[in-house]
Structures are given as structure tokens and as C-alpha cells.
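In listed order, ligands and their atoms are each counted from 1.
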Amino acid sequence: MPPVSEEPAEYRAIYNDTLAARDLRHVWHPCTQMHDHETLPPIPIRRARGVWLEDFDGRRYLDAISSWWTNLFGHTEPRISAAVARQAGELEHVLLAGFTHEPAIKLAETLCRLAPPGLTRCFYADNGSAAIEVALKMAFHYWQNVGKPAKRRFLTLSNSYHGETLGALAVGNVELYKQIYQPLLLDVITVPSPDCYHRAAGESWAAYSTRLFEPMEQALAAHAGELAAVIVEPLVQCAGSMRMYDAAYLRLLREACDRHGVLLIADEIAVGFGRTGTLFACEQAGITPDFLCLSKGLTGGYLPLSAVLTDERIYDAFYAEYSTLRAFLHSHSYTGNALACAAALATLDIFATEPVLERNRTLAAHMARRAAPLADHPHVAEVRQCGMILAIEMVRDKPTRTPYDWRERRGRLLYRHALGHGVLLRPIGEVVYFMPPYVITPDEIDLMVDVAATGIDVACA
Ligand SMILES: *Cc1c(COP(=O)(O)O)cnc(C)c1O
């Protein structure tokens, strides 16, 4: 916990407000209707430690959503900070074309060792959306290189999210982010998500997800000749309201993709690095995708970096004399940035030296116990959980699961309530969720759940 600020309270409050006002003169914020800041200005954060953010007014906020799912071991984690500082004194960055450096090499070695078996090649980019672009382009280009140019389309699940750049947006399916840009986007094939929120009463997750594989099988059979790849978020559709499904679906998908000759892209940008209980979500299905996209937690929440892991078959299809023009010429200026790689190595070192996944099981069980009573709330349709992700879905009418009118912005009421009580919760629509850093304590979980519970009462009033 950070110490309380030294300056007089009046001064701190004024400074907080001054920064917010300066911000609004020039900064255009992501995923924000800037008009909303007329009633709720942005909160300037002065410093952070562990799960706590502190503003200039000395107020503290428990970061229950890991700063957009990036942070794993708390803010200003001493070992990661030291690794970045050390690296900054040696080499901050060098282009990764024609040159290399030890952090990039070591990180590729480590990721290939930890990833599902068979993934032996690591292509770097600098954010999640860029990793998705890389995987889409590589999959398309692979089929060009092996003489199957008709295989150029992508198949995705409803309610999926893969990022905001045009290619990533096209293969995603969250209407709010996508609809206005539709004229600019690739034409993709979409099949229903195995999202278990829609399962019948008494039906198991496995049974429902297996039943929902039928439309996927049909689409693969119908379109195999024109499909380059299927893209999925294994187990949890995070931006799609934290909807979850069973690993059985992924096993069926891997088998069907092989049978129909279609590549499989696993987007573990949000679910990777322990969020679902295993280091990678694909492990729970015992599958290896053709492309594994990683970012967010990769650097422990310190620096932007992403990686696409793939196998020898894909790599070999690009490997030839220059004059064949088969090379993958995609690049980003900051590809494989040395500071970001150092942060990632320090993060993975914590997994290697501490029983992180085991500790998380205890924390996840505590979270489950504390949140369970919320299932009885008259406006809660479901409490669902996958490892360190727990979501609570609020609805207008519980028996019919009729959602609230989005214009009522009830999630925003909860957001404001929680901030007032020292917790950063950022509901997606009417779904409030916890995805805390792994260093959260049981007491902090209690605070987080209690504030969410009173927030749900306020939001549903
Ligand atoms: C966040 C996210 C992305 C996009 O990553 P950015 O770094 O925000 O571009 C892609 N896929 C999933 C599943 C994500 O959660």
C-alpha cells in the first residue's frame, strides 16, 4: 500500500483538479465518449503499488481489473521495475531486422518452451491488435505460398473480440465497436458462440458447448475450400461481457480444423498467463493452435509487447530464396523492444520461481465463495467464473433474463459507486467482473466483492 501523500490536503485536491482540467484540454481518451467527462473527469494517478492506485488527492483505488487485464503481479513490482531499469542502462532498443539482442532471444526461447508443444517460432509485434494482424496475414499468406490461393477468408465466433485495427475489428464481433466501420471491413464468416450463458436449465457447460459445435462443423464443411483460418478466444470472450465456454469445444475445433485443412488461431491476449487457471487456456483442452497470440500480461502490465507463436510447417512455407518473394515482410518499428522483452522475462521468472498458479487456485476459490451469494440477487442472472476471472451479469428481469435498456447506463452507476468506495470496477455494459492482479489478498478480495455487491444494489435500484 502506498503511504498517504505528504502535502496538505487542500493543495492535493487542487492539484488533482488542475491535472484533470489540463488533461481535458488536449488528451483524447481511448474507448471514451469525451462528453462523459463533463460529469466525471478523468482521475490523475500519481503512483501505484501492488493492487493499489493512488491519486494526487491521496485517494486510493483497488485495481480490480488489472488496468485493462494487463497487470499480473501488481503495480511497480520491484523485480520487474529493476529488470526494466537494468535493461535501460544497457540497451533500450535496436531494430530487430538484421540485428538481435539477448532479451528477444531469451524470451522467444522461454515462450516456445512454455507454450503448447509444437510452437517453435516466435514473431514479435508491439500490441495485441498487431499480433492479430500478424496471425491473419501469416495464415492468408501461408495458403498463398503453398499454392492454395482460394483460401483467404476467416471464420469467427459471435460475441468475439480481437482488437481495434481494421483486420482485428473485422474478425471480432462486438457490434458497439464495429458497426460504424463495417464498410471498411473484411467479409468474415460468423458462427454462434458456444457461450454457456445460453445453455438450457440443468445443461452442463460441456454438453452445451459440444451441442454448439454443430454450426461450426457445418460452416467448416461448407467453406473449407475458401477458409484460411478460424480465430477464437479460448474459454473466455473477455470483451464480449466475460462470456465463458467449455474446453470440449476447443478439442472438437482442433480436430475439425485438421480434418478440413483450416488453420486455427488462438487469441490468448487476455486469457494467457494464468488468468483461466492454467498458464495458457489451450492447455485445458490439450490442444496446440497453429498460431498463439499473446500480449497484455506478457510484460506483467509494464510495456506494450506482443508475440505470435507458430510451428515449423508455417515457418517452412515462408523459408526460401529471396527471389521467390515468399518472405513475411510485416514489421513494426518497435518490434521486440528490449525494455519490453526484459519486463516479460522478469514476469515469466516470477512464474518460474513462485507457485503462482497454485496460489491463484486458493484466491479464485475465495473469490468464488465470497461472490456466490450474489447469484440470489433479484437482478443478477448469473455469477460465472473461470480461474481468476469472475463475472456477474445484471438484468432487468431475472426469470426471463431480459437485459436493462443500455441507455440507462447502469454499469456506469456501479463504476461511479465503486470509485467512491475505493475500488476500480469497470463493468462491460451490465456485467461487472473481477480480473485482479495475482497479488491481491483475501481481505482485498472481500473489499472488492463487498463494494461490487453494494454497487449492484445502487445500479439496479
Ligand atoms: C485486448 C485484446 C486484444 C487487443 O489487444 P490491444 O493490445 O488492446 O490491441 C485482442 N484480443 C483480445 C482477446 C483482447 O482482450
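Below 4.0 Å from some heavy atom of W69 lie the following atoms of ligand 1, by number and element: 15 (O). With ligand atoms numbered from 1 in the order given, ligand 1 contributes 10 (C), 11 (N) to contacts under 4.0 Å with heavy atoms of H162. Using a 4.0 Å cut-off to heavy atoms of G163, the atoms of ligand 1 that qualify are 4 (C), 10 (C). Residue N127 has at least one heavy-atom neighbour below 4.0 Å for each of these atoms of ligand 1: 7 (O), 9 (O). Short contacts between ligand 1 and A270, defined as distances under 4.0 Å to a heavy atom of the residue, involve ligand atoms 15 (O).
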- Task: Before giving the answer on side chain to side chain donor-acceptor pair (under 3.5 Å), spell out for R251 and S209 the whole-Å C-alpha distance, their side-chain angles and the decisive distance to 0.1 Å.
- Result: CA-CA 11 Å; R251 275 192 292 278; S209 293; over 6 Å; no
- Item | Residues F140, F154; criterion ring-ring contact (aromatic ring centres under 6.0 Å, His included); working and verdict | CA-CA 9 Å; F140 164 85; F154 296 95; 7.7 Å; no
- Message: For a ring-ring contact (aromatic ring centres under 6.0 Å, His included) check, start with the C-alpha distance between Y177 and Y161, then their side-chain angles and the critical distance, and finish with the verdict.
- Response: CA-CA 9 Å; Y177 303 135; Y161 177 86; 5.7 Å; yes
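Between H93 and Y334, the ring center distance clears the sub-6.0 Å criterion.
Between F351 and F273, the angle of the ring planes lies from 30° to 60°, which puts this pair in the tilted group. Using bins of under 30°, 30° to 60° and over 60° for the plane-to-plane angle, the ring pair H332/H330 lands in the perpendicular bin.
Two residues are said to be in side-chain contact when any heavy atoms from C-beta on lie closer than 4.5 Å; Q87 and E92 fail this criterion.
Distance check for atom 8 (O) of ligand 1: every protein heavy atom is found at 4.0 Å or beyond.
By the 3.5 Å distance cut-off applied to N or O atoms, S129 is counted among the residues near ligand 1. Polar contact check, E233 against ligand 1: no nitrogen or oxygen pair lies under 3.5 Å apart. At least one N/O-N/O distance between G128 and ligand 1 falls below 3.5 Å.
Nearest protein heavy-atom neighbour of atom 11 (N) of ligand 1: D267 OD2, 2.6 Å.
With hydrogens and angles ignored, the 3.5 Å screen pairs no side-chain donor or acceptor of S295 with any backbone N or O of N127. Checked by atom type and distance alone, the side chain of E38 never pairs as donor or acceptor with a backbone atom of L40 at under 3.5 Å.
Contacts with ligand 1 closer than 4.0 Å are made by no heavy atom of C238, backbone or side chain.
The shell of residues lying under 4.0 angstrom from ligand 1, judged by heavy atoms, excludes W68.
Distances from atom 3 (C) of ligand 1 to the heavy atoms of Q237, K296, E164 show the closest one on K296.
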